[in-house]
Student: 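Mind looking over this structure? Questions follow.
Ligands are counted one by one from 1 in listed order, and the atoms in each one are counted from 1 as well. Note that the structure is predicted; figures quoted are calculated from it, not measured. Side chains are part of it too, since the values below use all heavy atoms of this structure and drop only hydrogens, waters and symmetry mates. We count residues from 1, following the sequence as given.
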Amino acid sequence: MAFIDTIKARAKADKKTIVLPESMDKRTFEAAEKIIKEDIANVVIIGTPEEIAKNGAGYDISKATIIDPFNDPNKQKYIDKFVELRAKKGVTPEDAQAQMEKDYMYYACLMCKCGDADGAVSGACHSTGNTIRPALQLLKTKPGISSVSGFFLMEVPNCTLGENGMFVFADCAVNTDVDSEKLAEIAKLSAESFEALAGKDAKVAMLSYSTKGSAKHDDVTKVAEAVRIAKEKFPDLVVDGELQLDAALIPEVASLKAPDSDVAGKANTLVFPSLEAGNIGYKLVQRLANAGAYGPVLQGLSMPVNDLSRGCVADDIVGTVAITAVQAQMQG
Ligand code: ACO
């Protein structure tokens with residue numbers, strides 16, 4: 001069974017409520033119809049009657065819950081929660097209302113925060129920054145986590161490397177500046193994400209252009225230090241580095257470059273040293289190897305919120321909703 005089909009089956013087994021705030025985009029309605037038909041999740045769409053009529057015409061969304069952000073009996077509850085959460089930033093009730101009416105992702109995050117939904121998916125017509133900023137501001141990180149990061153679950157066809165072609169790549173989406181502490185945390189979160197979604201033990205490679213001291217530079221030291229921190233903070237984590245990509249993946253190269261490593265040659269979770277490397281790396285594999293790239297999936301948030309590519313099709317939204325629902329199940 002393809003990865004995404006196993007995730008859909010898991011989502012169906014314990015249905016969660018996922019908000020789709022992009023009623024200004026027809027793909028939202030096409031996806032909502034499929035999600036309801038496949039019984040993957042309960043769907044909430046945020047939109048005015050005009051937006052629903054204009055963009056939802058022709059799609060059967062009769063079983064979705066429609067929330068009109070201008071006429072919602074729960075709206076005052078969300079305004080109050082927004083003000084409570086952002087009091088230190090000087091947000092007034094008027095500011096909160098205006099923000100929620102202008103940007104429905106704020107509305108979606110407040111529904112999650114107030115327990116009226118389990119997660120949200122957006123980004124078909126909003127940038128990554130605009131999609132995740134409301135979640136960072138309102139939902140915040142899980143206890144003990146300092147940074148949210150974004151990974152891709154990669155499914156490489158006809159590949160025996162990693163977990164039969166399955167990998168987590170991180171951080172490919174969020175953190176523009178990563179130091180050793182952040183990389184160590186990304187390693188831990190990525191291992192948990194791999195195990196939650198792929199159902200196999202994670203083996204984490206901290207990637208570099210150097211293997212075990214073969215090159216000297218501050219960039220290399222940053223990754224080597226991240227490995228030291230990760231091993232110290234998370235003694236059960238199977239992690240090693242710094243490793244070049246070939247040493248991380250290919251047993252023959254690993255036996256030459258890192259013969260004593262318990263990760264080299266068998267890594268299934270790849271932590272990139274920078275956002276540039278991660279973002280370029282996943283797109284290379286997606287485009288040149290024709291790999292499935294599910295994400296960016298956010299990890300480290302207190303509740304699951306996920307981004308979409310603006311080039312997505314309705315099936316990508318369906319898949320991301322299923323992943324979000326499974327993340328919600330894992331969070332209890
Ligand atoms: N984890 C947790 N909280 C964070 C993080 C993070 N990684 N980054 C920012 N925050 C918090 C801040 O502490 C702040 O909280 P506060 O308002 O309570 O003080 C809040 O989020 C807003 O932070 P800002 O720095 O003001 O927000 P900004 O919009 O400048 O940056 C963002 C956050 C959007 C994540 C930014 O780092 C960004 O744009 N990253 C790159 C996204 C991107 O373009 N990715 C590549 C494309 S994705 C793709 O190709 C699939």
Side-chain angles (χ1 to χ4, degrees), residues 22 27 81-92 95-96 99-100 102-103 105-106 108-110 112-113 120-155 167-190 192-193 226 270-288 291-313 316-317 319-320 323-324 327 331:
E22 292 181 308
R27 289 170 292 181
K81 181 55 82 177
F82 197 151
V83 172
E84 176 197 321
L85 293 170
R86 302 299 285 170
K88 286 196 185 128
K89 300 283 175 180
V91 172
T92 65
D95 298 334
Q99 187 77 299
M100 287 158 55
K102 188 174 82 178
D103 183 344
M105 191 57 182
Y106 280 89
C109 288
L110 287 157
C112 293
K113 191 72 189 178
V121 171
S122 186
C125 55
H126 290 89
S127 69
T128 294
N130 287 341
T131 299
I132 68 179
R133 195 174 296 107
L136 296 177
Q137 291 178 351
L138 297 171
L139 298 176
K140 297 280 178 190
T141 55
K142 284 181 190 167
I145 300 297
S146 70
S147 287
V148 171
S149 48
F151 70 88
F152 279 82
L153 200 302
M154 305 296 297
E155 195 177 28
F167 298 88
V168 156
F169 286 11
D171 178 1
C172 304
V174 181
N175 294 283
T176 44
D177 289 305
V178 280
D179 58 15
S180 303
E181 286 279 350
K182 261 194 194 177
L183 279 177
E185 187 177 79
I186 291 168
K188 171 69 171 160
L189 288 171
S190 301
E192 288 173 358
S193 295
L270 305 183
V271 175
F272 290 80
S274 70
L275 184 57
E276 283 162 309
N279 192 269
I280 294 165
Y282 102 78
K283 285 178 194 283
L284 272 175
V285 177
Q286 179 186 33
R287 297 292 170 178
L288 298 185
Y294 301 99
V297 183
L298 297 180
Q299 52 186 8
L301 273 173
S302 68
M303 294 183 79
V305 164
N306 285 311
D307 188 19
L308 297 161
S309 161
R310 275 176 286 176
C312 72
V313 295
D316 297 326
I317 303 177
T320 304
I323 290 172
T324 308
Q327 283 182 302
Q331 290 187 348

Student: For atom 19 (O) of ligand 1, find the nearest protein heavy atom and state the residue, atom name and distance (0.1 Å precision).
Tutor: Lys89 NZ, 2.8 Å
Student: I need the atoms of ligand 1 closer than 4.0 Å to a non-hydrogen atom of Phe152, numbered in the order shown.
Tutor: 51 (C)
Student: Closest non-hydrogen protein atom to atom 39 (O) of ligand 1, residue and atom name please, with distance?
Tutor: Gly129 CA, 4.2 Å
Student: Please classify the Asp307 to ligand 1 contact at 4.0 Å (heavy-atom distances, strictly less than): side chain, backbone, both or neither.
Tutor: neither
Student: Just to confirm my output: which protein heavy-atom neighbour is closest to atom 51 (C) of ligand 1, and how far is it?
Tutor: Tyr282 OH, 3.6 Å
Student: Taking atom 11 (C) of ligand 1 as the point of reference, which of Leu85, Leu136, Val148 owns the nearest heavy atom?
Tutor: Leu136
Student: Return the CG to CD distance between Leu110 and Glu84, rounded to the nearest 0.5 Å.
Tutor: 10.5 Å
Student: Quickly, which of Leu301, Asn175, Leu298, Leu275 forms a side chain to side chain contact (heavy atoms under 4.5 Å, CB included) with Ser149? Name it, please.
Tutor: Asn175
Student: Under 4.0 Å from a heavy atom of Ile132: give me the atoms of ligand 1 that qualify, with their elements.
Tutor: 35 (C)
Student: With rounding to the nearest 0.5 angstrom, report the OG to CD1 distance, Ser122 to Ile132.
Tutor: 11.5 Å
Student: Check each of Thr131, Thr320, Thr324 against Asn306 using the side-chain hydrogen bond (donor to acceptor under 3.5 Å, both in side chains) test, and report the only one that passes.
Tutor: Thr324
Student: Quick test of your reading of the structure: of Gln137, Lys283, Arg86, Lys88, whose heavy atom lies closest to atom 16 (P) of ligand 1?
Tutor: Arg86
Student: Can you find a protein heavy atom under 4.0 Å from atom 9 (C) of ligand 1?
Tutor: yes
Student: Any sub-3.5 Å donor-acceptor pair from Gln286's side-chain atoms to Ala293's backbone N or O?
Tutor: no
Student: Are any side-chain N or O atoms of Arg27 and backbone N or O atoms of Ala124, one a donor and one an acceptor, separated by less than 3.5 Å?
Tutor: yes
Student: Check ligand 1 against Ala173 and write out every atom of the ligand that is under 4.0 Å from a heavy-atom position of the residue.
Tutor: 41 (C), 42 (C), 43 (C), 45 (N), 46 (C)
Student: Under a 4.0 Å N-O cut-off, is there an ion pair linking Glu185 with Lys188?
Tutor: no
Student: Tell me, which protein residue and heavy-atom name are nearest atom 15 (O) of ligand 1, and how many Å apart are they?
Tutor: Lys140 NZ, 3.6 Å
Student: For atom 38 (C) of ligand 1, grab the closest protein heavy atom and report residue, atom and distance to one decimal in Å.
Tutor: Val174 O, 4.1 Å
Student: Once rounded to the nearest 0.5 Å, what's the spacing between atom CD of Gln137 and atom CZ of Arg86?
Tutor: 4.0 Å
Student: Under the 4.0 Å line, does any protein heavy atom show up next to atom 30 (O) of ligand 1?
Tutor: no
Student: Heavy atoms of the protein only: does one fall short of 4.0 Å from atom 24 (P) of ligand 1?
Tutor: no
Student: So how far is it from Tyr106 OH to Lys113 NZ, rounded to the nearest 0.5 Å?
Tutor: 14.5 Å
Student: Which residue supplies the protein heavy atom nearest to atom 27 (O) of ligand 1, what is that atom called, and how far is it?
Tutor: Arg133 NE, 3.8 Å
Student: Output the distance between atom SG (Cys109) and atom CE (Met303), rounded to the nearest 0.5 Å.
Tutor: 9.5 Å
Student: Which residue and atom name correspond to the protein heavy atom nearest atom 7 (N) of ligand 1, and how close is it?
Tutor: Asn175 OD1, 2.9 Å
Student: For atom 47 (C) of ligand 1, grab the closest protein heavy atom and report residue, atom and distance to one decimal in Å.
Tutor: Thr128 OG1, 3.9 Å
Student: What atoms of ligand 1 come within less than 4.0 Å of a heavy atom belonging to Pro296?
Tutor: 51 (C)
Student: With respect to atom 49 (C) of ligand 1, which of Leu298, Asn279, Thr141 exhibits the smallest heavy-atom separation?
Tutor: Asn279
Student: At what distance, to the nearest 0.5 angstrom, does CG of Asp171 lie from OG of Ser190?
Tutor: 8.0 Å
Student: Assert yes or no for the condition that the ring centre distance of Tyr282 to Phe152 is strictly below 6.0 Å.
Tutor: yes
Student: Measuring to protein heavy atoms, does anything land under 4.0 Å from atom 45 (N) of ligand 1?
Tutor: yes
